[in-house]
Amino acid sequence: MSEVIVIANQKGGVGKTTTAVNLAASLAVEGKRVLLIDADPQANATTSLGYTRNDYEFNIYHVLIGAKKLSDIILSSELPLLDLAPSNIGLVGVEKEYYDSGQSKGRELIMKKAIAQVKSQYDYVVIDSPPALGPMTINALSASNSVIIPIQCEFFALEGLAQLLNTVRLIRKTINPSLAIKGFLPTMYSSQNNLSKQVLADLRQHFKGKLFTDDTDDCIVIPRNVKLAESPSFGKPAILYDGRSRGSVAYQNLAQAILA
Ligand SMILES: Nc1ncnc2c1ncn2[C@@H]1O[C@H](COP(=O)(O)OP(=O)(O)O)[C@@H](O)[C@H]1O
Ligand SMILES: [Mg+2]
């Protein structure tokens, strides 16, 4: 049985793409067949795997408007078990276009239906979502078994979280009753920074049972680590750029927690 996991938080710059790419890669290195879907018009996940926009003709936009099947757009990656459904800046028009196209009924389910056609070929589908609670994120949440919410260990970290959790509740009530919160993931943690410590303490207090833990029962925290920031510019997930870096190891631990 395959599992669909969306990485979501409507705030930008909290580590969604970094989490999607490195979780997907770490699961693939663990021997799982993984499809990473880039559902953000900024296409950062696509770039992070080494693709530039002239390398491919079709993207998730063509799938969402019904012009292509998901299987038509899938690209391979440097990791044999990791595939990518790319995005493109062209996606910017998609929200308006499919609201205007008259297929209002069931429009939240387009991604779910697209995934259904390829699902049997993968153990995990990981979706990177844009920094908004718009139709793209609603589609991704509607298509998923669970959501991982990265929380940046900075000031205002928990701001907007209530709105995201309300959206999850609403989607459960309407289109996707079994959508689970897989966990909150503290990102960009810096042990020298008191604010970071405070945010982590807050998360431990409010979401104790919903933090990922490693095999020694420690809470999994993604450290601020320059290798995670550098690897996208080499078109590689961190595990292929510097697999022993603290950042990459943290994502490998996350993958193991998910497999456990
Ligand atoms: N743990 C980390 N350590 C250092 N830099 C990080 C870390 N996580 C993300 N970044 C960097 O921070 C920026 C925002 O991260 P990103 O994953 O793109 O966030 P989002 O997808 O939520 O907008 C990117 O430049 C990324 O490389
Ligand atoms: Mg992103």
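Order of listing sets the numbers, starting from 1, for every ligand and every atom in it. Every heavy atom of this structure was used, including side-chain atoms; hydrogens, water molecules and symmetry mates were not.
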Suppose we measure from [atom] to each protein heavy atom; which comes out shortest, and what is that distance?
{"atom": "atom 18 (O) of ligand 1", "result": "T17 CB, 3.9 Å"}
{"atom": "atom 5 (N) of ligand 1", "result": "A229 CB, 3.7 Å"}
{"atom": "atom 13 (C) of ligand 1", "result": "M188 CE, 4.8 Å"}
{"atom": "atom 17 (O) of ligand 1", "result": "T18 OG1, 2.6 Å"}
{"atom": "atom 14 (C) of ligand 1", "result": "G13 CA, 3.8 Å"}

Exercise for the section: Check each heavy atom of P223 against ligand 1 and say whether those closer than 4.0 Å belong to the side chain, the backbone, both or neither. Expected result: backbone
Practice task
Just let me know how I222 lines up against ligand 1, side chain, backbone, both or neither, with a heavy-atom cut-off below 4.0 Å.
Solution key: side chain
Practice task
For V14 and ligand 1, answer yes if some heavy atom of the residue is under 4.0 Å from a ligand atom, otherwise no.
Solution key: yes
Exercise for the section: Give a yes/no verdict on whether any heavy atom in G15 is under 4.0 Å from an atom of ligand 1. Expected result: yes
Between [X] and [Y]: side-chain donor-acceptor atoms closer than 3.5 Å:
{"X": "Q163", "Y": "T167", "result": "no"}
{"X": "Q198", "Y": "D202", "result": "yes"}
{"X": "T216", "Y": "D214", "result": "yes"}
{"X": "T19", "Y": "Y251", "result": "yes"}
{"X": "N59", "Y": "S87", "result": "no"}

Exercise for the section: Answer yes or no on whether K210 is positioned over the face of F184, meaning its NZ or CZ is under 6.0 Å from the six-membered ring centre and within 45° of the axis. Expected result: no
So is [X] polar-close to ligand 1, meaning N/O to N/O under 3.5 Å?
{"X": "K16", "value": "yes"}
{"X": "G12", "value": "no"}
{"X": "N225", "value": "yes"}

Problem - Nearest-0.5 Å distance that lies between atom OG in S129 and atom CD1 in I138 - result: 10.0 Å
Practice task
Could you check whether the rings of F234 and Y241 sit parallel, tilted or perpendicular, using 30° and 60° as the cut-offs?
Solution key: parallel
Practice task
Assess T17: does it contribute an N, O or S atom lying under 2.8 Å from the Mg ion (ligand 2)?
Solution key: yes
Handout entry: Sub-4.0 Å protein heavy atom near atom 25 (O) of ligand 1
Key = no
Exercise for the section: Using the side chain to side chain donor-acceptor pair (under 3.5 Å) rule, take T52 and D55 through it: C-alpha gap first, then chi angles, then the decisive distance, then the call. Expected result: CA-CA 6 Å; T52 59; D55 295 338; 3.2 Å; yes
